[in-house]
Amino acid sequence: MKKLVVMSFSSVPKVILDTDPGGDDIFAFLWLQSLAKQGLVEIIAVTTTAGNVSAQKTFSSACQILELGGFAQIEVGRGMTLDGELAENAAHIHGSDGMGNLSNTLPRPAREYETARNADEVLIDQLNALPGEITLIAIGPLTNLAAAEKKSPGILQKAREIVIMGGAFFCPGNVTPQAEFNIWFDPEAAKVVLNSRTDLVILPLDVTRHLILTREMAGAIAQINPHSNLAKLIVNLSEFMIKTALSHRETSGISGFLVHDAATLSYLFYPELLMLRRSKVWVETRGEWTRGQTTIDQRNGAKQRANAWVALQVDQTKFFTSFIEDLKRLMDVLT
Ligand code: RIB
Ligand code: CA
């Protein structure tokens with residue numbers, strides 16, 4: 001008699017998403033919400049950070065996307081406000097609101113940045129409340145995770161796992177010749193996180209530069225219910241991201257854009273799609289030309305203790321098969 005396996009909510013993975021929406025963050029966010037609707041994951045909280053755009057805008061976008069997916073009850077911790085040029089650093093890719101200038105097509109968020117708890121406080125409280133149970137999915141600069149570690153040394157050890165989109169090892173960077181954006185934006189924070197545990201999981205540009213979501217794929221998802229708000233967001237945000245991706249020559253002329261951040265979910269829910277290398281990873285924090293560069297030591301001598309598993313290969317065909325079908329399910333559930 002086949003044993004019935006019942007996934008009780010208590011047995012599904014618990015996650016906190018740390019994010020800087022961003023167009024690709026939003027697709028990762030929607031994928032996560034689809035998996036939550038399928039009872040495959042429990043979203044404990046979301047924390048937002050400055051990165052692609054300001055902390056205020058990433059907070060607002062995260063609230064809007066949660067409300068769109070029917071998760072308005074989930075807490076959103078706010079990232080620190082930064083001044084000067086760093087505050088708005090990838091608006092040229094993601095639009096001035098980080099959402100392809102589409103934030104005004106969604107209902108205004110019910111929550112205010114000014115009254116939200118700080119992200120590091122949310123991380124510390126949740127990791128202390130559920131030690132060893134929560135996976136941190138970090139798809140923006142690592143500022144919040146480092147702030148939590150500085151405020152409560154050892155707190156990152158209380159996460160079940162930490163899965164990071166960031167870095168570039170055997171391919172060019174995307175913000176300088178050597179550095180990937182999330183690490184480059186706050187390399188000191190990346191150094192704190194890299195020193196916090198020995199089992200970090202890193203999804204670098206080496207794999208995410210192959211994850212091109214095409215106009216056709218976005219259309220296949222939206223056609224489930226083309227007149228819904230979600231469908232319109234998916235199509236219009238894709239069009240915006242495709243335009244900026246092509247103008248920045250990120251997709252070799254293919255009409256698509258890179259869904260970097262979604263790679264973290266393939267590690268958690270479709271791990272067979274990835275090949276990872278056990279590594280000791282460093283980050284450069286001072287170099288005039290190399291600030292934010294990430295390095296694996298491949299020399300033949302004995303190494304200091306490794307601190308990470310670095311994904312270097314992905315099966316992109318199977319990745320998008322699951323990505324598209326899961327997002328279709330979200331469309332189904334929401335309409
Ligand atoms: O380099 C890609 C990363 O930088 C992604 O997280 C994208 O959202 C941007 O933040
Ligand atoms: Ca991001």
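Being a predicted model, the structure only gives us computed values, none of them experimental. Ligands are counted one by one from 1 in listed order, and the atoms in each one are counted from 1 as well. Nothing fancy with the numbering, it's 1 onward along the sequence.
Under the ring pair (Phe, Tyr, Trp, His ring centres under 6.0 Å) criterion, Phe27 pairs with Phe257, sequence neighbours left out.
Between Arg117 and Asp125, at least one side-chain N (NZ, or NE/NH1/NH2) sits under 4.0 Å from a carboxylate O, which counts as a salt bridge. Classification of Arg291 and Glu188 as a salt-bridged pair holds, one side-chain N sitting under 4.0 Å from a carboxylate O. A salt bridge is defined here as a Lys NZ or Arg NE, NH1 or NH2 lying under 4.0 Å from an Asp or Glu carboxylate O, and Lys151 with Asp120 meets this definition.
Using a 30° and 60° split on the angle between ring planes, Phe323 and Trp31 fall in the perpendicular class, above 60°.
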Quick one: side chains of residues 305-313, donor-acceptor pairs under 3.5 Å with protein atoms, not counting sequence neighbours, listed by atom name and distance.
unit_1, atom_1, unit_2, atom_2, d
Asn307, OD1, Val281, N, 2.8
Asn307, ND2, Leu194, O, 3.2
Asn307, ND2, Val281, O, 3.1

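Only protein atoms were considered; those of element N, O or S under 3.0 Å from the Ca ion (ligand 2) number 5.
When every heavy atom of Thr251 is checked against every heavy atom of Ala245, the shortest pair comes out as CG2-CB, 4.1 Å.
Paired with His260 under the rule side chain to side chain donor-acceptor pair (under 3.5 Å), one option of Asn182, Thr208, Asp25 passes, and it is Thr208.
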Worked check of side-chain hydrogen bond (donor to acceptor under 3.5 Å, both in side chains) between Asn195 and Glu149: CA-CA 10 Å; Asn195 291 333; Glu149 183 69 12; over 6 Å; no

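A heavy-atom cutoff of 4.0 Å around ligand 1 is satisfied by the protein residues Asp20, Asp24, Asp25, Asn52, Ile139, Met165, Asn174, Glu180, Phe181, Asn182, His260, Asp261.
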